[in-house]
Amino acid sequence: MTARCLVCLADIRGEGEYHARCARALFGSTRVPTIDLELARLHTVAQAMVGHTSLSGIQRKVSVGLTADRATLRVAVEKGHFILKPQAQVFPSLPENEHVTMRLAEAAGVQVPPNGLVRLRDGSLAYLTRRFDRTADGGKLLQEDFCQLGELAPKQKYEGSAELCARLVRRHASEPLVAALGLFRQVVFAWWTGNGDMHLKNLSLLRGEDGVHRLSPAYDLLCTDLVVEDDLLALPVGGNRRGVTPRQWLDFASYCGLTPRAAGRALGQVHAALTPALALVARSFLPDEMKARYARLLEDRAGTVEAAARKAGSGYVAG
Ligand SMILES: Nc1ncnc2c1ncn2[C@@H]1O[C@H](COP(=O)(O)OP(=O)(O)OP(=O)(O)O)[C@@H](O)[C@H]1O
Ligand SMILES: [Mg+2]
Ligand SMILES: [Zn+2]
């Protein structure tokens with residue numbers, strides 16, 4: 001196979017591992033920085049960072065940033081504009097999994113921050129995302145996850161439901177219907193992609209520089225089903241963690257305050273992403289056996305999404 005772009009996964013003609021436009025989208029410049037990071041050292045750095053940055057969670061992640069001349073990407077304890085997630089010890093291929101799932105999200109109409117893979121000095125791939133809670137001048141935007149909004153402790157992050165999220169959005173977002181549509185897309189997408197880890201800390205509202213509280217771009221999306229056999233939804237929809245039915249999707253849409261037409265369009269967009277999604281999975285950096293499993297899952301669940309879209313009767317036409 002010819003070289004695949006570490007951002008968009010399409011072929012690259014010529015030198016390097018990024019298209020110029022993809023490098024610009026991720027690094028802010030067509031020049032790809034030198035990656036001054038290596039897996040062995042990151043384990044120690046990640047441990048030292050616990051409690052020193054606003055990053056929480058279980059998977060190792062490290063705050064990284066570009067040097068002032070933009071030539072080098074390296075660890076940045078403060079004011080890093082990026083989050084890096086290297087290969088994990090226990091679960092295989094998480095960076096590749098998160099990366100392709102973010103590409104799928106984009107194809108399905110879920111808003112995501114700039115992201116891609118980077119090759120560390122030891123040759124291993126790591127997942128890199130640009131922080132959406134930073135302003136250009138290094139300031140920090142207010143980000144509140146749904147655990148905080150629901151006044152729950154971090155360890156209660158699994159003690160929620162999709163409906164609780166809809167209520168939090170209604171109460172706290174400046175434009176509740178816009179945020180509710182974003183939430184609906186994210187929940188449908190999490191189910192479609194076998195993501196059993198979309199819990200209350202993996203959803204946030206972000207206060208923009210304009211003071212508007214919006215649903216933040218999606219983050220921490222991955223197909224946990226590839227590493228945890230038959231993983232269930234972390235946040236039940238209509239009390240259901242596994243086989244959510246078309247009827248239950250429409251009930252949830254209605255709970256979100258969406259018209260059938262709006263729900264149908266969102267569902268239709270997810271279903272229409274099946275073909276591009278299968279191509280992306282095939283081109284991804286996942287091992288072959290995970291690619292096959294991911295493709296099967298997407299195909300299996302697309303039918304329900306399509307049935308829900310039709311039931312919504314939105315004038316949705318399968319394409
Ligand atoms: N692109 C981003 N911009 C700003 N903040 C982000 C971004 N991605 C993630 N975060 C924040 O960093 C936190 C940790 O990131 P993430 O959820 O991806 O890691 P994680 O270790 O897999 O988390 P967990 O195991 O708790 O689910 C998130 O809860 C979120 O608050
Ligand atoms: Mg998380
Ligand atoms: Zn590209």
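As the structure lists them, so they are numbered: ligands from 1, and atoms in each ligand from 1. This is a predicted model, so every value here is computed, not measured. Side-chain atoms are counted along with the backbone in the values below, which use heavy atoms only and exclude waters and symmetry mates.
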K.L.:
Are a donor atom and an acceptor atom from the side chains of T224 and D231 found within less than 3.5 Å of each other?
P.N.:
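Yes, a side-chain donor-acceptor pair sits under 3.5 Å.
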K.L.:
Closer than 2.8 Å to the Zn ion (ligand 3), what protein N/O/S atoms do you find?
P.N.:
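As for protein N, O or S atoms lying under 2.8 Å from the Zn ion (ligand 3), they are C5 SG, C8 SG, H19 ND1, C22 SG.
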K.L.:
Do any N/O atoms on K85 end up under 3.5 angstrom from N/O atoms on ligand 1?
P.N.:
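Yes.
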K.L.:
Do any nitrogen or oxygen atoms of H199 lie less than 3.5 angstrom from nitrogen or oxygen atoms of ligand 1?
P.N.:
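There is such a contact, yes.
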K.L.:
Residues two or more places apart in sequence or in another chain: which of them pass side-chain contact (heavy atoms from CB on, under 4.5 Å) with R301?
P.N.:
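With neighbours one apart ignored, the set is W191, W192, L297.
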K.L.:
Mind checking whether K157 contacts ligand 1 via backbone (N, CA, C, O), side chain (CB onward), both or neither, at a 4.0 Å heavy-atom cut-off?
P.N.:
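Side chain only; the backbone of K157 stays clear of ligand 1.
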K.L.:
Please report, to 0.1 Å, the donor-acceptor pairs under 3.5 Å made by any side chain of residues 167-177, with sequence neighbours excluded.
P.N.:
{"unit_1": "R167", "atom_1": "NH1", "unit_2": "Y255", "atom_2": "OH", "d": "2.7"}
{"unit_1": "R170", "atom_1": "NH2", "unit_2": "Y255", "atom_2": "O", "d": "2.7"}
{"unit_1": "S174", "atom_1": "OG", "unit_2": "H213", "atom_2": "N", "d": "2.8"}

K.L.:
Looking at F82, is R131 sitting on its ring face, NZ or CZ under 6.0 Å from the six-membered ring centre and within 45 degrees of the normal?
P.N.:
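Checked: cation-pi criterion not met.
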K.L.:
Any atom of ligand 1 sitting under 4.0 Å from a heavy atom of D145?
P.N.:
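Per 4.0 Å heavy-atom rule, D145 does not contact ligand 1.
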K.L.:
For the side-chain hydrogen bond (donor to acceptor under 3.5 Å, both in side chains) test, which of D225, T101, T193, N97 pairs with Y294?
P.N.:
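Exactly one option meets the side-chain hydrogen bond (donor to acceptor under 3.5 Å, both in side chains) with Y294, and it is T101.
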K.L.:
Classify the angle between the aromatic ring planes of F27 and Y18 as parallel (below 30°), tilted (30 to 60°) or perpendicular (above 60°).
P.N.:
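Taking Y18 first and then F27, their aromatic rings stand perpendicular (interplane angle over 60°).
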K.L.:
Test of understanding: given a 4.0 Å heavy-atom threshold, classify the contact between N115 and ligand 1 as side chain, backbone, both, or neither.
P.N.:
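Neither part.
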K.L.:
Is any N or O atom of P113, backbone or side chain, closer than 3.5 Å to an N or O atom of ligand 1?
P.N.:
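So ligand 1 has no N or O lying under 3.5 Å from an N or O of P113.
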K.L.:
Minimum distance, heavy atoms only, to atom 16 (P) of ligand 1: which one of D220, D133, D197, L206 is it?
P.N.:
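The option holding the nearest heavy atom is D220.
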K.L.:
Describe, in one word, how the ring planes of H199 and Y158 are oriented to each other, choosing from parallel (under 30°), tilted (30 to 60°) and perpendicular (over 60°).
P.N.:
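H199 and Y158: perpendicular rings.
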K.L.:
Check E106 with R103, please: is the shortest side-chain N to carboxylate O separation under 4.0 Å?
P.N.:
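Judged by the 4.0 Å cut-off on N to carboxylate O distance, R103 and E106 do form a salt bridge.
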K.L.:
Taking NZ, NE, NH1 and NH2 as the nitrogens, is one of them in D300 or R296 under 4.0 Å from a carboxylate oxygen of the other?
P.N.:
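So D300 does not pair with R296 through a salt bridge.
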K.L.:
Quick one: side-chain contact (heavy atoms from CB on, under 4.5 Å) partners of D137, sequence neighbours excluded?
P.N.:
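Residues passing side-chain contact (heavy atoms from CB on, under 4.5 Å) with D137: T135.
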K.L.:
Parallel, tilted or perpendicular: which fits the ring planes of F184 and W249, with parallel below 30° and perpendicular above 60°?
P.N.:
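Because their plane-to-plane angle is over 60°, the rings of F184 and W249 count as perpendicular.
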K.L.:
Which option wins on minimum heavy-atom distance to atom 9 (C) of ligand 1: Y127, F132, F82, Y219?
P.N.:
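The residue whose heavy atom sits nearest atom 9 (C) of ligand 1 is Y219.
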K.L.:
Identify, by atom number and element, the atoms of ligand 1 in contact range of N202, meaning under 4.0 Å from any of its heavy atoms.
P.N.:
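Selected atoms, number and element: 17 (O), 27 (O).
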K.L.:
Using a 4.0 Å cut-off to any heavy atom of R131, which atoms of ligand 1 qualify?
P.N.:
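Counting atoms of ligand 1 from 1, those under 4.0 Å from R131 are 1 (N), 2 (C), 3 (N), 4 (C).
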K.L.:
Mark yes when over 12 heavy atoms from residues, nucleotides or ligands other than R241 sit less than 6.0 Å from its CZ; otherwise mark no.
P.N.:
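Buried by this count: over 12 neighbours within 6.0 Å.
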K.L.:
Identify, by atom number and element, the atoms of ligand 1 in contact range of T129, meaning under 4.0 Å from any of its heavy atoms.
P.N.:
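Reading through ligand 1 atom by atom, the close ones are 1 (N).
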K.L.:
Pick whichever of E144, M102, R130 has a heavy atom sitting closest to atom 1 (N) of ligand 1.
P.N.:
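It is R130 whose heavy atom sits nearest to atom 1 (N) of ligand 1.
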K.L.:
Between D11 and R283, is the closest basic N to carboxylate O distance under 4.0 Å?
P.N.:
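Looking at D11 together with R283, the answer is yes, because their closest N to O distance falls below 4.0 Å.
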K.L.:
At a 4.0 Å threshold, what atoms of ligand 1 neighbour a non-hydrogen atom of Q143?
P.N.:
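Going through ligand 1 atom by atom, the ones under 4.0 Å from Q143 are 5 (N), 30 (C), 31 (O).
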K.L.:
Examine Y219 and say whether one of its N/O/S atoms is closer to the Mg ion (ligand 2) than 2.8 Å.
P.N.:
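Checking Y219: none of its N, O or S atoms is under 2.8 Å.
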K.L.:
Suppose I only count heavy atoms of K201 and a 4.0 Å limit; which atoms of ligand 1 are within that range?
P.N.:
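That gives atoms 29 (O) of ligand 1.
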K.L.:
Which N, O or S atom name in D220 marks its closest approach to the Mg ion (ligand 2)?
P.N.:
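Atom name returned: OD2.
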K.L.:
Testing L164, V187, L200 for side-chain contact (heavy atoms from CB on, under 4.5 Å) with L235, which one passes?
P.N.:
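That would be L200.
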